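Below: one structure, written as structure tokens.
Treat the numbers as computed from the prediction; the structure is a model and nothing was measured.
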Amino acid sequence: MRAIAVGAFRADPALVEMPKPEPEAGEVRVRIEYAALNPSDWQAAQGSPDDGPAPRVFPMVIGVDFAGRVDMIGGGENRFRVGDHVFGRVARPNAAGGGTYCDYVSVPQDSAITVVPPGLPLRAAAALPSAGMTAAQILETAVFRGHESLLVIGAAGGVGSYLTQLASARDIRVIAAVRGDEHRRMTELGAAVTIDITDRPLEAAVQESCPDGVDALVDLASTTPDSFAAHAALVRPGGIALTTRGVAAGAALPTDVTGIDFRLEPTPVLLDVLAAGAAEGVLRVPVDIELPLEKAPQALDRNRTGGARGKTVIVL
Ligand SMILES: NC(=O)c1ccc[n+]([C@@H]2O[C@H](COP(=O)([O-])OP(=O)(O)OC[C@H]3O[C@@H](n4cnc5c(N)ncnc54)[C@H](OP(=O)(O)O)[C@@H]3O)[C@@H](O)[C@H]2O)c1
């Protein structure tokens, strides 16, 4: 089968031929039709993912999100059938099956994989798992009540696009911090305020719309504890500052602000909830770029340098 893989950490991802994985007992093999790009894909290839340790089996196939059709069942009982349209996220480390930028992946039936509901295209399903589950689980973790204010740094990317929609649907007032003129896009997704931080200082803009500080911060962008702490200074006393980038532990936060280093725990139930919302049209799946497998290495390079708007989907 075709795969985009690296032969070692920090090597350039390249198109290679690999054997098809054989499903073991309790697994299903999926003929992948779409994969979606996440920053954790190039981070894993570098050996430093935000969401946990990278696998150490090479060649390492890139990618975690997938949608496709079950084409073989391993031994034993299984809740799936050959031909089922499914989508999900492979666990890491995943020494046996590898990643998802490839034609086939073997996945344990009890992992984060579920059936695609009627009305949801596979292409959209592929763009849901990592970013959608992260957004949904952030809202569970931070325990928001309605009418609270939420500052999202990096709101125009995959996680931010879902988080803005899910939070505003709960009557949370989303203040979206982005780089560039994304006012219209973020307003359509449900943001109450959009701040272009290339146009005006973040601090002044946040203070203008929330003079007492925001109730919560979700920082999807800061890569250093200092930068995260500077954003957390915009949170009101008693509020929450959450990062997806593992920089809360070392940050000097205001004493009365709770810092959270978020780590996604994928579940099939979360996938079902997101898929139902997307199938009903309540949750928009913001696919920005669609490209063939052989262009995936360039897409990974592009994502590393920033500028993501919604999701990039890879067609197998
Ligand atoms: N811990 C976990 O379990 C977990 C789970 C999911 C994601 N993550 C991590 O969370 C981060 C976001 O994920 P994602 O899927 O949303 O990534 P993404 O789709 O690549 O989007 C990132 C967004 O952040 C923007 N950005 C970067 N620096 C910024 C800044 N200083 N100010 C404002 N916006 C900025 C980017 O656009 P511009 O470059 O144009 O500003 C882009 O729109 C990634 O690092 C990912 O690895 C962690």
Side-chain angles (χ1 to χ4, degrees), residues 4 13 34-46 48-51 62-67 89 99-101 123-138 151-167 174-191 194-199 202 217-224 227-228 231 242-247 262 264 274 278 283-293 295-315:
I4 301 291
Y34 296 93
L37 187 151
N38 292 288
S40 63
D41 300 343
W42 54 261
Q43 292 163 1
Q46 290 182 334
S48 59
D50 281 342
D51 58 351
I62 308 292
V64 290
D65 287 350
F66 67 91
R89 183 186 199 272
T100 59
Y101 289 16
R123 169 181 181 272
L128 279 173
S130 294
M133 285 195 288
T134 298
Q137 217 161 58
I138 283 174
L151 171 62
V152 183
I153 313 277
V159 174
S161 296
Y162 288 121
L163 182 59
T164 300
Q165 294 183 72
L166 295 173
V174 176
I175 301 165
V178 298
R179 294 192 292 199
D181 181 8
E182 298 297 322
H183 181 266
R184 183 166 166 193
R185 204 181 97 81
M186 296 314 301
T187 304
E188 281 172 6
L189 293 173
T194 301
I195 301 168
D196 174 3
I197 61 166
T198 64
D199 184 46
L202 176 71
L217 160 74
V218 171
D219 192 335
L220 304 165
S222 290
T223 53
T224 65
S227 158
F228 178 60
H231 293 153
L242 179 151
T243 166
T244 55
R245 312 212 53 175
V247 289
F262 174 83
L264 173 64
L274 291 165
L283 181 67
R284 273 176 53 184
V285 178
V287 175
D288 182 44
I289 300 170
E290 186 174 316
L291 40 77
L293 182 66
K295 295 267 175 65
Q298 291 96 306
L300 287 164
D301 258 353
R302 208 163 44 230
N303 183 266
R304 187 171 32 226
T305 56
R309 299 290 175 263
K311 297 296 299 176
T312 293
V313 164
I314 295 154
V315 187

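Residues passing the side-chain contact (heavy atoms from CB on, under 4.5 Å) test with T223, sequence neighbours excluded: R245. By the side-chain contact (heavy atoms from CB on, under 4.5 Å) test, A296 pairs with I4, Y101, I314, sequence neighbours left out. In this view, S161 and R185, L189, P286 satisfy the side-chain contact (heavy atoms from CB on, under 4.5 Å) rule, not counting sequence neighbours. Evaluation of the side chain to side chain donor-acceptor pair (under 3.5 Å) rule for T198 yields D196 as partners, not counting sequence neighbours. With sequence neighbours excluded, the residues satisfying side chain to side chain donor-acceptor pair (under 3.5 Å) with E290 are R123. Taking T100 as the reference, nothing meets the side chain to side chain donor-acceptor pair (under 3.5 Å) condition, with sequence neighbours excluded. Applying the side-chain contact (heavy atoms from CB on, under 4.5 Å) test to A221 and every residue at least two apart in sequence or in another chain returns I153, D219. Residues passing the side chain to side chain donor-acceptor pair (under 3.5 Å) test with R304 are D301, sequence neighbours excluded.
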Verdict with reasoning, F262 to T134, per side chain to side chain contact (heavy atoms under 4.5 Å, CB included): CA-CA 9 Å; F262 174 83; T134 298; 3.6 Å; yes
L128 vs Y162, side chain to side chain contact (heavy atoms under 4.5 Å, CB included): CA-CA, chis, key distance, verdict: CA-CA 9 Å; L128 279 173; Y162 288 121; 3.7 Å; yes
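For L300 against W42, the heavy-atom pair with the smallest separation is O-CD1, 3.7 Å. Of all non-hydrogen atoms in V285 and A278, the two that sit nearest each other are CG2-CB, 3.9 Å. Among all heavy-atom pairs drawn from V287 and A127, the shortest one is CG2-CB, 3.9 Å. The two residues A135 and L166 make their nearest non-hydrogen contact at CB-CD1, 4.0 Å. Closest approach of L151 and A177 over heavy atoms only: CD1-CB, 4.3 Å. Of all heavy-atom pairs between A126 and A36, the closest is O-CB, 3.1 Å.
The CD atom of E182 sits 4.0 Å away from the CZ atom of R309 when rounded to the nearest 0.5 Å. Rounded to the nearest 0.5 Å, atoms CD1 (I62) and CG (L293) are 11.0 Å apart. Atom CG of residue L291 and atom CG of residue L37 lie 8.0 Å apart, to the nearest 0.5 angstrom. Put simply, NE2 on H183 and CD1 on I195 are 10.5 Å apart, with the number rounded to the nearest 0.5 Å.
A side-chain donor-acceptor contact under 3.5 Å links D65 to the backbone of S130. Looking only at distances, a side-chain donor or acceptor of D41 sits under 3.5 Å from a matching main-chain atom of N38.
The side-chain heavy atoms of L264 and R89, taken from C-beta on, include a pair separated by under 4.5 Å. T164 has its side chain within reach of M186: a pair of non-hydrogen atoms, C-beta onward, lies under 4.5 Å apart. In this structure the side chain of V152 never reaches within 4.5 angstrom of the side chain of V159, judged on heavy atoms. Within the 4.5 Å cutoff, the side chain of R302 has heavy atoms near those of the I289 side chain.
Among residues at least two apart or in separate chains, there is no salt bridge (Lys or Arg N to Asp or Glu O under 4.0 Å) pair with a member in residues 126-137.
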